[in-house]
Amino acid sequence: MPDALRPGPRPATADSRLLRAARGEQVDRLPVWFMRQAGRSLPEYRKVRAGVPMLEACMRADLVTEITLQPVRRHGVDAAILFSDIVLPLKALGVDLDIVSGVGPVIAKPVRDQAAVEALPRFDPAAVGFVAEAVNELASELGRTPLIGFAGAPYTLASYLIEGGPSKDHAKTKALMHAEPAVWNALLARLAEISGAFLRVQVEAGASAVQLFDSWAGGLAPDDYRRHVLPHSAAVFQTVADLAVPRIHFGVATGEILTDMSSAGVEVVGVDWRVPLDEAAARIQPGQAVQGNLDPALVFAPWDVIEAQTRDVVRRGAAAAGHIFNLGHGVLPDTDPDVLSRIVELVHSLDVPTEFSR
Ligand code: CP3
């Protein structure tokens, strides 16, 4: 098979710390990156974004490339994550939505019945050509550093479409899930198709790993997650299975559903700060790696506290087959970027523990 058609990550990145850790192989130092590493904590980001609405920035390949590279240059992290948003593919396909600063995604016409589901656009790679272009450019700029592609999980995307915007209790979402199972399944299946196809576009253009963000799944009762959500997330991962890149599954407050999330067909399970990594390792499938999980609010603590907790996260991560160091959720906008750089430096200075001891 010619190289171009062989599945797997971009060859220059195949032996990187991120990919080795995701496969459970030995690493010289732990790989580290931060969710939301490209964003408001960086002055260079605020400068580039000045006067450019969020979704417009996501649709300009030159800005996507520049913003994605900023945290790699500044912090020396072991991976870049594409600058984009979970609602970007929906926007690009023609769904009327916006990202309102300080609020989040807002949908003009919420999706709450079969007709609205059927009216959703189908995926079309031509609509996200600018993403493929940016990923291609990034792959060549990044060299041996992997680029992580991502998408929103069907449940988290559905929650925005159904509620019409951000929500604390996701009441309308859960009501639809229980009252209209046919509409629910049709909606989540549509979203799974879009997210799966969007991940494929990113990997085929040069992304070396993918992460599915199911940020709000932790708000579900485990039985509801298992029955009404997990099969759709598993379908997304199945869509990229043949591409043979590591698949990362992440959500917030997912302690009670971690075992289920780990069974979606993934190599890496993202863990927030509520579950210590050694405990998380006991809840996931043998051979899987963990990603996480320093509390993002801890960056505001004195350095000696940050250092002690970082060391503790590293120590506990050794209970899993592999460990990718990260925060337990995204970088908070007021974070001092120098603290993030210092955390990267600290993690890279530590010997990788070979086993976890209590
Ligand atoms: O991690 C990265 O650096 C990549 C960039 C990224 C963004 N959004 C950029 C962004 C990623 C991975 C996302 C995913 C995303 N978007 C999620 C899942 C991850 C998570 O945090 O749980 C969710 C739930 C969204 C929806 C969304 N988009 C929210 C809740 C917000 C915040 C709104 C606000 O202003 O507080 C956004 C906007 C957004 N997405 C920003 C960034 C950098 C901020 C917009 C800005 O800088 O003006």
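As the structure is a computational prediction, the values presented were derived from the model and not from experiment. Throughout, numbering of the chain's residues begins at 1 and tracks the sequence. Order of appearance sets the numbers: ligands from 1, and atoms from 1 within every ligand.
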Plane angle bin for His178 and His228 - parallel if under 30°, tilted between 30 and 60°, otherwise perpendicular: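 Plane angle over 60°, so perpendicular.
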Ring geometry between His329 and Trp273 (parallel below 30°, tilted from 30 to 60°, perpendicular above 60°):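 Plane angle under 30°, so parallel.
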Tell me, please: is [X] in heavy-atom contact with ligand 1, that is, under 4.0 Å?
X: Val252; result: no
X: Ser84; result: yes
X: Trp216; result: yes
X: His329; result: yes
X: Ser101; result: yes

Protein heavy-atom partner closest to [atom] - residue, atom, separation in Å:
atom: atom 47 (O) of ligand 1; answer: Tyr45 OH, 2.6 Å
atom: atom 38 (C) of ligand 1; answer: Ile99 CG2, 3.5 Å
atom: atom 4 (C) of ligand 1; answer: Leu82 O, 3.5 Å
atom: atom 41 (C) of ligand 1; answer: Met54 CE, 3.8 Å
atom: atom 48 (O) of ligand 1; answer: Arg49 NH1, 3.0 Å
atom: atom 18 (C) of ligand 1; answer: Ser215 OG, 3.1 Å
atom: atom 30 (C) of ligand 1; answer: Tyr160 OH, 3.8 Å
atom: atom 1 (O) of ligand 1; answer: Arg36 N, 2.5 Å

Best match, Phe213, Phe150, Phe83: closest heavy atom to atom 11 (C) of ligand 1: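 Checking each option, the heavy atom nearest atom 11 (C) of ligand 1 is found in Phe150.
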Shortest reach to atom 40 (N) of ligand 1 by a heavy atom, considering only Val64, Ile67, Ile86, Asp85: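 That would be Asp85.
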Pair [X] + [Y], salt bridge at N-O below 4.0 Å:
X: Arg227; Y: Asp260; value: no
X: Arg17; Y: Asp28; value: yes
X: Arg342; Y: Asp338; value: no
X: Glu180; Y: Arg112; value: no
X: Glu56; Y: Arg49; value: no
X: Asp96; Y: Lys109; value: no
X: Lys91; Y: Asp98; value: no

With atoms numbered from 1 as shown, which atoms in ligand 1 lie under 4.0 angstrom from a non-hydrogen atom of [X]?
X: Gly104; result: 33 (C)
X: Ile81; result: 1 (O), 2 (C), 3 (O), 4 (C)
X: Pro105; result: 26 (C), 27 (C), 29 (C)

Intermediate values then yes/no, side chain to side chain contact (heavy atoms under 4.5 Å, CB included), Ile148 and Ser208: CA-CA 6 Å; Ile148 300 169; Ser208 294; over 6 Å; no
Gly102 N/O to ligand 1 N/O under 3.5 Å: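 The answer is yes, given that Gly102 and ligand 1 share an N or O pair closer than 3.5 Å.
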Heteroatom proximity flag, Ala38 to ligand 1, N/O under 3.5 Å: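 Yes.
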Please tabulate, one pair per line, all N/O donor-acceptor pairs under 3.5 Å involving side-chain atoms of residues 36-43, not counting sequence neighbours.
unit_1, atom_1, unit_2, atom_2, d
Gln37, OE1, Phe34, N, 3.0
Gln37, NE2, Ala79, O, 3.0

Side-chain donor-acceptor pair present, Glu141, Thr65, cut-off under 3.5 Å: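 Note: Glu141 and Thr65 side chains miss the donor-acceptor criterion.
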